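The next block holds one structure in the form of structure tokens; read it before the comments.
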Amino acid sequence: MITERIDQLMAEVQDLKATTEQEVEALRIKYLSKKGLLNDLMADFRNVAADQKKEVGMKINALKTLATERINSLRENLQACSEVGGNIDLTRTPYPVRLGSRHPLTIVKNEIVDIFSRLGFTLAEGPEVEDDWHVYGSMNFADDHPARDMQDTFFVEAHPAVVLRSHTSSVQARVMERTQPPIRVICPGRVYRNEAISARAHCFFHQVEGLYVAEKVSFTDLKQVLILFAQEMFGPETRIRLRPSYFPFTEPSAEMDISCFLCGGKGCGFCKHTGWVEILGCGMVDPAVLESNGIDSGKYHGYAFGMGVERITNLKYQVSDLRLFSENDQRFLDEFQGAN
Ligand code: DAH
């Protein structure tokens, strides 16, 4: 009988609950005080047969230990809760919290934006889902220009065309249509192209576009800014080379190479033994582009440039496979811990 009573109390104590200090105190009185249930048990214990005393005694002790522990821990929990204002978040990650790192593309994008900010460029952004006019029309792409083709552009809607922008040059248009010169902006953003995914190509990547429109802007100004950028980004020994090129929105247009910063221009596997690596496209804004966007091309001139963030990141950190940038492999990302 007494053992049954002990078992029943054991089960009860196991399950004790209290939401206030008063309730905890009431439990203490009920079980552990002089007139409590445990002392009642001790009174009954005197009547237990001598040969069972040892076993029953041990059971009562176990019950007492359990009751004391339960009541103490209820009290401690309530005190801990009241110290943090009653709001203890049991789902919170325990310490130490593991620090993350910035994504390499973010690190490099921030660095590019930072360099141009110091030259007086301000940040501008635009939508990734764009209309045909801002991506192509206002940028002087002819109606039948191959870049509009399905093979390059992701179409969201066919007529009138809504696309995922295939370059950040669309942000130039958005800035020009709402601002009169002087304009000096740097526009980072994600762009999309319908390419098969491989180590060297992806269906989305990131660009940074630069645009300067004012009176008397010359190609020399462009070149000067680009030299400065290259040396800030890749070191003071860096040289640049401009090769004539073609873009619908610039005239004249050029592509810029930097001296290979691995071999210093002597030629290595990385620069395919040419001593140079291409990093961006640039040129003087075509007067037709200024006019399309409501800027007087008789009065104002401009230069523009655009570069791929992945490309610059590959050069800086020698990442050999573009897919690493979007796979979120923890081992890859961890390599950029502390890179800022
Ligand atoms: N939009 C070009 C591309 O996606 C890059 C570019 C080249 C941007 C020359 C420019 C520029 O602003 O002047 O390949």
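What you see is a predicted model; the values in this text were computed from it and never measured. Ligands are counted one by one from 1 in listed order, and the atoms in each one are counted from 1 as well.
- Between Thr250 atom OG1 and Tyr303 atom OH the span is 14.0 Å, to the nearest 0.5 Å.
- Under the 4.5 Å side-chain criterion, counting only non-hydrogen atoms from C-beta, Cys203 is in contact with Ile197.
- Less than 6.0 angstrom separates the ring centroid of Phe249 from the ring centroid of His167.
- Using a 4.0 Å heavy-atom criterion, the residues that approach ligand 1 are His167, Ser169, Gln172, Arg193, Gln207, Glu209, Phe247, Phe249, Thr250, Gly281, Cys282, Gly283, Ala304, Phe305, Gly306.
- Nearest heavy-atom pair, Val175 versus Ala124, reported as atom, atom and distance to 0.1 Å: CG2-CB, 3.7 Å.
- Within a 6.0 Å sphere centred on NZ of Lys272, other residues, nucleotides and ligands contribute 12 heavy atoms or fewer.
- With Met307 as the fixed residue, the side-chain contact (heavy atoms from CB on, under 4.5 Å) test singles out one of Leu226, Ile279, Val208: Val208.
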